[in-house]
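To keep things clear, I will list the structure first and then write my remarks on it.
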There are 2 protein chains.
Amino acid sequence: MKSTMTTPAGLDHTLTALADPTRRAILQRLSAGEVRVTDLAQPFAMSLNAVSKHVRVLERAQLVTRRRAGREHLLSFNPKPLDEAAAWIETQRALWTTRLDALEALLRAEDRVAAPTRRNKGTRHER
Amino acid sequence: MKSTMTTPAGLDHTLTALADPTRRAILQRLSAGEVRVTDLAQPFAMSLNAVSKHVRVLERAQLVTRRRAGREHLLSFNPKPLDEAAAWIETQRALWTTRLDALEALLRAEDRVAAPTRRNKGTRHER
DNA sequence: ATTTCATTCAACTCTGAGGTTGAACGATAT
DNA sequence: ATATCGTTCAACCTCAGAGTTGAATGAAAT
C-alpha cells in the first residue's frame, strides 16, 4: 500500500469538494461575500442539513471558513486551495505539450525507421 | 426548485476523475505518451482490474482515449476537458478578487456607518 | 487446434458520499 | 423562564466508488 509516493492529500480534498455541482454553486455564491448557512441553503432543493454537510466538505478542503457570530455562522470563500488545483492542471497541460513537441521533433528527425506490426514502447515486460 | 441553473455535467466528470490520486498518477504517466493498460497497472499496488476501472472513469471524463491495436489497448491522454476545469477555477478566482476590490472601495467610501450588533445581509427572511 | 496473453465482464464486499428526519444545543427575543 | 431561531449531531437509507476474485472474450503465438 501507498506505492507511488505521489499522494498530495490536499489536492484530493480540493478536487473532491469541487466535483459536486451543489458545492460549486455554494462557492460561487460565497465569492460574492459572507453568507449565513440558512441563507446559503435557501435556493437549493434540499434540506438545510444536506447543505450543512456540503459546507463541511468545503471546510475540509479549506475552501470555506466559518466565523461564528452569535447563533449564526457566517461562511466565506477562501481561494487559496484553488492554487494547488490550478497548478496541477497547468502542469499536466505543460507535460502534454512538451511531449507533443518532443514527438514532433522525433518525427522530423527519424523518418526512415518503420517497424511494421510490432511496436515496442517504454516499460515492457519482454517475458 | 433547480434555481441556480449551473449544472455542467462535463465538469462533474472531469473533477471527479481528477479527485483520485491513482487517476492523477495515470494521467501523469499518460502525458508522456501512449501506454498499454497492463503497463499502466504495473506500478500500482492494486489489481489490474482496479486500474481498468479507473481508466473507465477517465474515459467517461474524456480525459483518456483508447485505441485498440490487436489485443492490446493503447491509452492516451486528452487534455481538452482540463480547459473547462481550469476555466471554472479561474472564474472563481476572478470573482473573488472582484469582490475584494468592491469591498475595498466600499470601505474607502462609507466610513461613518456603524450598525452595532444587528447586521443585515442579502436574502434575509425578515419574519 | 490449443494455449497464452491482454483486457473486460460479472458478482460480490466494504466504505463513504449524499440525502432524509428528528432531536439536541447555544444564542436571541419575549 | 420560555419560546424561537440558526445550526449541528445522530441515526438511518440508498447508491455509487474502489477494491477483490473468478470467469469470459478475442487476438497472438505455438
Side-chain angles (χ1 to χ4, degrees), chain A residues 1-4 7 9 12-13 15-26 34-42 44-61 64-75 116-127, chain B residues 1 7 9 12-26 34-42 44-61 64-75 116-127:
Chain A
M1 303 87 180
K2 124 199 202 315
S3 60
T4 352
T7 316
D12 277 27
H13 287 148
L15 292 170
T16 298
L18 295 182
D20 183 278
T22 300
R23 288 192 292 262
R24 285 198 303 274
I26 289 178
E34 277 187 332
V35 182
R36 298 187 311 160
V37 175
T38 304
D39 292 341
L40 197 58
Q42 186 205 315
F44 295 104
M46 76 184 65
S47 77
L48 175 66
N49 268 350
V51 173
S52 183
K53 280 180 161 195
H54 281 300
V55 169
R56 212 179 318 150
V57 173
L58 290 165
E59 284 184 293
R60 183 182 62 179
V64 160
T65 56
R66 182 190 304 259
R67 176 171 73 88
R68 241 143 305 216
R71 60 182 170 183
E72 45 193 34
H73 297 200
L74 286 311
L75 304 171
T117 25
R118 221 6 178 163
R119 149 202 14 64
N120 200 343
K121 207 53 173 305
T123 326
R124 198 61 166 282
H125 293 140
E126 223 54 305
R127 73 176 306 276
Chain B
M1 304 85 185
T7 317
D12 277 27
H13 287 148
T14 304
L15 292 169
T16 298
L18 294 182
D20 182 279
T22 299
R23 289 192 289 263
R24 285 198 303 275
I26 288 178
E34 277 187 332
V35 183
R36 299 186 310 160
V37 176
T38 305
D39 293 341
L40 197 58
Q42 184 205 316
F44 295 104
M46 75 183 65
S47 79
L48 175 66
N49 268 349
V51 172
S52 183
K53 281 180 160 195
H54 280 299
V55 169
R56 213 180 315 151
V57 173
L58 290 164
E59 283 183 294
R60 182 181 64 180
V64 159
T65 56
R66 182 189 304 258
R67 175 172 73 88
R68 243 145 301 216
R71 61 182 169 184
E72 45 193 33
H73 297 201
L74 286 310
L75 305 171
T117 24
R118 237 328 191 187
R119 152 199 11 66
N120 201 346
K121 204 61 169 302
T123 326
R124 197 60 165 281
H125 292 141
E126 221 58 302
R127 74 178 310 276

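Protein chains get the first letters and strands the later ones, always in sequence-line order, with residue 1 at the start of each.
- Contact check, Arg23(B) against dA18(D): a side-chain N or O comes under 4.0 Å of OP1 or OP2.
- For Lys53(B) against dG19(D), a side-chain N or O and a base N or O form a donor-acceptor pair under 3.5 Å.
- Checking Ile26(B), Thr14(B), Leu75(B) one by one against Leu58(B), the side-chain contact (heavy atoms from CB on, under 4.5 Å) holds for a single residue, Ile26(B).
- Counting non-hydrogen atoms under 4.0 angstrom, Asn49(A) reaches a base of the nucleic acid.
- Atom-to-atom, CD of Glu72(A) to P of dG26(C) comes out at 18 Å; the value is rounded to the nearest Å.
- Within the nucleic acid shown, Arg68(B) has no heavy atom closer than 4.0 Å to any nucleic acid atom.
- For Thr22(A) and Gly70(A), each mapped to the nucleotide of DNA chain C holding its nearest heavy atom, the one lying further toward the 5' end belongs to Thr22(A).
- Atom CE in Met46(B) sits roughly 13 Å away from atom P in dT21(D) (whole-Å rounding).
- Side chain of Arg71(A), nearest nucleotide from dA18(D), dG18(C), dG26(C): dG26(C).
- Interatomic distance, CD of Gln42(B) versus CG of Leu48(B), reported as 11.5 Å (0.5 Å rounding).
- We find that CZ of Arg36(A) is positioned 13 Å from P of dT28(C), with the value rounded to whole Å.
- An OP1 or OP2 oxygen of dG19(D) is reached within less than 4.0 angstrom by a side-chain nitrogen or oxygen of His54(B).
- Using modelled atom types, no side-chain atom of Arg23(B) and backbone atom of Leu18(B) make a donor-acceptor pair closer than 3.5 Å.
- Of the two residues near DNA chain D, Arg60(B) and Ala50(B), the one whose nearest nucleotide lies more 5' is Arg60(B).
- The separation between Leu15(B) atom CG and dA17(C) atom P is 16 Å, rounded to whole Å.
- Rounded to an integer number of Å, the gap from Arg56(B) CZ to dA10(C) C1' is 11 Å.
- Considering CG of Leu74(A) and CZ of Arg36(A), their distance stands at 8.5 Å, rounded to 0.5 Å.
- Rounded to whole Å, the distance from CG on Leu48(B) to P on dG19(D) is 13 Å.
- The phosphate of dT20(D) has OP1 or OP2 within less than 4.0 Å of a side-chain N or O from Ser47(B).
- Residue Asp20(B) contributes atom CG, which lies 13 Å from atom C1' of dG16(C) at whole-angstrom precision.
- The side-chain hydrogen bond (donor to acceptor under 3.5 Å, both in side chains) check on His13(B) picks up nothing, with sequence neighbours excluded.
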